Amino acid sequence: VLTITLTAISYFLAIAFRFDFVWPNPVILEKLSMPLVILCACRMLAYSVFHLNYCYWRFVSAHEALDIVNAHVISSLVFTASITILQLSGFPRSLVFLELAFSLLLALGARLSVRLFYEGHSPRCSRDRHEYEAVVVGAGYSGHFLVKALQSEQHHPARISAVFDD
């Protein structure tokens with residue numbers, strides 16, 4: 001559902017940019033509604049092929065971002081082929097490129113923003129937690145001084161565990 005919504009938003013943004021934010025008359029808008037249905041079908045098919053409907057946005061990775069780019073490019077190519085085969089008159093070719101750019105920005109931006117939100121609000125990344133953990137084993141007085149030095153670090157707080165062999 002969200003994929004279709006983002007695709008529709010990017011399609012309408014592309015129309016707005018193509019026509020300089022002056023909405024065309026209803027006859028032209030009616031001609032542009034059928035391609036939106038084709039585009040949504042192509043995009044959903046590409047997302048299914050790349051298994052992008054079954055992943056958690058919280059854990060988005062560079063590999064998944066590459067899959068999103070591939071899915072959008074392939075779905076746009078299939079969409080362009082469909083428009084050419086159906087010979088839809090009056091369809092501006094620039095809409096394909098504009099929609100591809102907007103849909104990539106929206107899809108990648110939405111997923112990245114969800115990941116950044118969770119990384120900033122997860123318990124392991126909160127500011128009251130220690131930035132790293134360290135274990136000091138042995139080393140006598142040197143280990144003791146090392147622990148003191150690590151605990152006094154203000155910019156990078158650490159949780160220190162020590163096992164001394166005294």
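Counting begins at 1 with the first residue of the sequence. Computed from a predicted model, the values in this text were never measured in an experiment.
- With values rounded to the nearest 0.5 angstrom, E64 atom CD is found 12.0 Å from H51 atom NE2.
- Side chains of S103 and T7 form no contact here, defined as non-hydrogen atoms less than 4.5 Å apart.
- Linking Ile, Leu, Val, Met, Phe, Trp and Tyr whenever their side-chain heavy atoms come within less than 4.5 Å puts L32 and F79 in one cluster.
- Using a 4.5 Å heavy-atom cutoff, the side chains of L95 and F17 are not in contact.
- Linking ILVMFWY side-chain heavy atoms closer than 4.5 Å, directly or via other members, places V37 and F12 in two distinct hydrophobic clusters.
- Checked against the 6.0 Å centroid criterion, the rings of H72 and Y47 qualify as a close aromatic pair.
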Would you sort out whether T80 and R93 count as a side-chain contact (heavy atoms from CB on, under 4.5 Å), showing the intermediate values? CA-CA 8 Å; T80 304; R93 290 175 292 198; over 6 Å; no

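- The hydrophobic cluster containing I15 also contains F91, counting ILVMFWY residues as joined when their side-chain heavy atoms lie under 4.5 angstrom apart, directly or transitively.
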Test side-chain contact (heavy atoms from CB on, under 4.5 Å) on L108 and V69; report intermediate values, then the result. CA-CA 9 Å; L108 292 172; V69 171; 4.2 Å; yes

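- Nearest heavy-atom pair, L36 versus A8, reported as atom, atom and distance to 0.1 Å: CD1-CA, 4.0 Å.
- Considering CE of M34 and CG of L86, their distance stands at 6.5 Å, rounded to 0.5 Å.
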List the steps and the verdict of side-chain contact (heavy atoms from CB on, under 4.5 Å) for L52 and R111. CA-CA 11 Å; L52 293 171; R111 289 180 188 234; 4.2 Å; yes

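- Two different hydrophobic clusters hold L116 and V60 under the rule that ILVMFWY side chains link at heavy-atom gaps under 4.5 Å.
- Remark: R43 engages E99 in a salt bridge, criterion side-chain N to carboxylate O under 4.0 Å.
- Linking ILVMFWY side-chain heavy atoms closer than 4.5 Å, directly or via other members, places L77 and F50 in a single hydrophobic cluster.
- The shortest non-hydrogen separation linking L6 to A110 is CD1-CB, 4.4 Å.
- Between the CG atom of L39 and the OH atom of Y11 there is a distance of 7.5 Å, given to the nearest 0.5 Å.
- Using a 4.5 Å heavy-atom cutoff, the side chains of I9 and F102 are not in contact.
- Taking 4.5 Å as the limit, every side-chain heavy atom of V78 sits out of range of all side-chain heavy atoms of L45.
- In this structure, the separation between CZ on F19 and OG on S94 is 7.5 Å, given to the nearest 0.5 Å.
- Scanning both residues, S82 and C42, for their nearest heavy atoms gives OG-SG, 4.5 Å.
- Rounding to the nearest 0.5 Å gives a distance of 7.5 Å between OG of S76 and CG of L104.
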